[in-house]
Trainee: 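Got a structure for you, questions after.
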Amino acid sequence: MKIGTIEATEEKKRKSKHAKTMLPSAGGGKRSRGGGGGGGSDDGSNDFSELHQRPDEKARIVTWFLLLIVFMTFSAMFGAYIVIAANSEVEWRPFSLPYQLWISTVLIAASSFAFEMGRKNLILEEIKKQRLYFRMAMTLGLVFIVSQIIVWIELMDRGLYMSGNPYAGFFYILTIAHALHVLGGVIAMAVLIHRTWFLTDDLRERRYRIGITRSIGWYWHFIGILWLVLFALLGFWH
């Protein structure tokens, strides 16, 4: 009986000692005497919250998904163009391309260069140069679209329409589809310019701006490369 009493007393002492080591924290929880967080929250919860503090990662994933869709769409159209061009039974009548297409090529190449300069100045926090180059890139993108409209008007003045000539039909389809994607990039750049117009001391905001600029840059440069392929296809694969 005495032994049982001693064991019961020891058990009570252990419970009392354990209760004393748990002190109330400022948030109503408990922390150990050593100052650690309750229950190892530094392991899982911080990693989880870190994932949700990176909206630029979401933008990167969306951009890659969008680029994949654009790549597959234009690959299908390029493939159809090549197959029909190689078909001798189809009345395929290529025509000389308007000289404005060369101007369009220079415009979109210059726009990609201006955007890249804007991105570098964003990282360096050179706010005036950043604004200048981003606005220049957006303006050149808009002028590129205008140059495409001028090309379509000239072709219609020549009597070349989508119907009656498969080559003309592909020309309109490919260039219009590309111009729409350029317009999407111009809209994205306008949002970017608005978001990055002023400097910020918030590190999370800076990281987001750099990440979203990188994603938009990937799209814009891809659209520029896509134009070079399209131009080469229409101009030299008859």
Trainee: Nearest 0.5 angstrom please: Gln148 CD to Leu180 CG, how far?
Mentor: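 Rounded to the nearest 0.5 Å, the CD-CG separation comes out at 11.0 Å.
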Trainee: Side-chain donor-acceptor contacts of residues 182-192 below 3.5 Å, not counting sequence neighbours, with atom names and distances?
Mentor:
none

Trainee: Does Phe198 have Arg131 sitting over its ring (NZ/CZ under 6.0 Å from centre, angle to axis within 45°)?
Mentor: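 Yes - Arg131 lies over the ring of Phe198, closer than 6.0 Å to its centre and within 45° of its axis.
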Trainee: Would you call the rings of His181 and Phe74 parallel, tilted or perpendicular, taking 30° and 60° as the class edges?
Mentor: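 Perpendicular.
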Trainee: List the steps and the verdict of side chain to side chain contact (heavy atoms under 4.5 Å, CB included) for Asn165 and Phe95.
Mentor: CA-CA 10 Å; Asn165 182 357; Phe95 49 80; 4.3 Å; yes
Trainee: Below 4.5 Å, heavy atoms only, C-beta onward: do Phe171 and Leu160 meet side chain to side chain?
Mentor: no
Trainee: Between Glu126 and Lys120, is the side chain to side chain contact (heavy atoms under 4.5 Å, CB included) condition met? List the steps.
Mentor: CA-CA 9 Å; Glu126 295 286 347; Lys120 290 182 178 180; over 6 Å; no
Trainee: For the side chain of Tyr167 and the backbone of Leu234, is there at least one donor-acceptor N/O pair under 3.5 Å apart?
Mentor: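 Side chain of Tyr167 to backbone of Leu234, a donor-acceptor pair under 3.5 Å: yes, one is there.
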Trainee: Dump the intermediate steps for side chain to side chain contact (heavy atoms under 4.5 Å, CB included) on Glu91 and Arg93, then the final yes or no.
Mentor: CA-CA 6 Å; Glu91 190 176 1; Arg93 299 193 304 275; 2.8 Å; yes
Trainee: Between Arg209 (side chain) and Arg195 (backbone), is there a donor-acceptor pair under 3.5 Å?
Mentor: yes
Trainee: Indicate the atoms forming the closest heavy-atom contact of Thr200 with Asp202, along with that distance.
Mentor: OG1-N, 3.1 Å
Trainee: Output, in order, the C-alpha distance, side-chain angles, deciding distance and verdict of salt bridge (Lys or Arg N to Asp or Glu O under 4.0 Å) for Glu125 and Arg206.
Mentor: CA-CA 10 Å; Glu125 295 188 303; Arg206 285 198 63 218; 3.2 Å; yes
Trainee: Hydrophobic clusters here meaning ILVMFWY residues chained together by side-chain heavy-atom distances under 4.5 Å, can you tell me if Ile153 and Ile145 are in one?
Mentor: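 Yes, one cluster joins them.
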Trainee: Can any side-chain N or O of Ser147 pair as donor or acceptor with the backbone N or O of Phe144 at less than 3.5 Å?
Mentor: yes
Trainee: Report the C-alpha distance between Leu142 and Val146 in whole Å, list the side-chain angles of each, state the deciding distance to 0.1 Å, and finish with yes or no for side chain to side chain contact (heavy atoms under 4.5 Å, CB included).
Mentor: CA-CA 6 Å; Leu142 289 172; Val146 172; 5.7 Å; no
Trainee: With ring centroids as reference points, do Trp64 and Tyr219 lie under 6.0 angstrom apart?
Mentor: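 No.
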Trainee: Determine, step by step, whether Glu154 and Arg158 satisfy the salt bridge (Lys or Arg N to Asp or Glu O under 4.0 Å) criterion, reporting the C-alpha distance in whole Å, the side-chain angles of both residues, the deciding distance to 0.1 Å, and the verdict.
Mentor: CA-CA 6 Å; Glu154 180 175 336; Arg158 293 189 197 176; 3.3 Å; yes
Trainee: For residues 222-233, please give each side-chain donor-acceptor pair under 3.5 Å, one per line with the distance, not counting sequence neighbours.
Mentor:
| residue | atom | partner | partner atom | Å |
| --- | --- | --- | --- | --- |
| Trp227 | NE1 | Thr105 | OG1 | 3.0 |

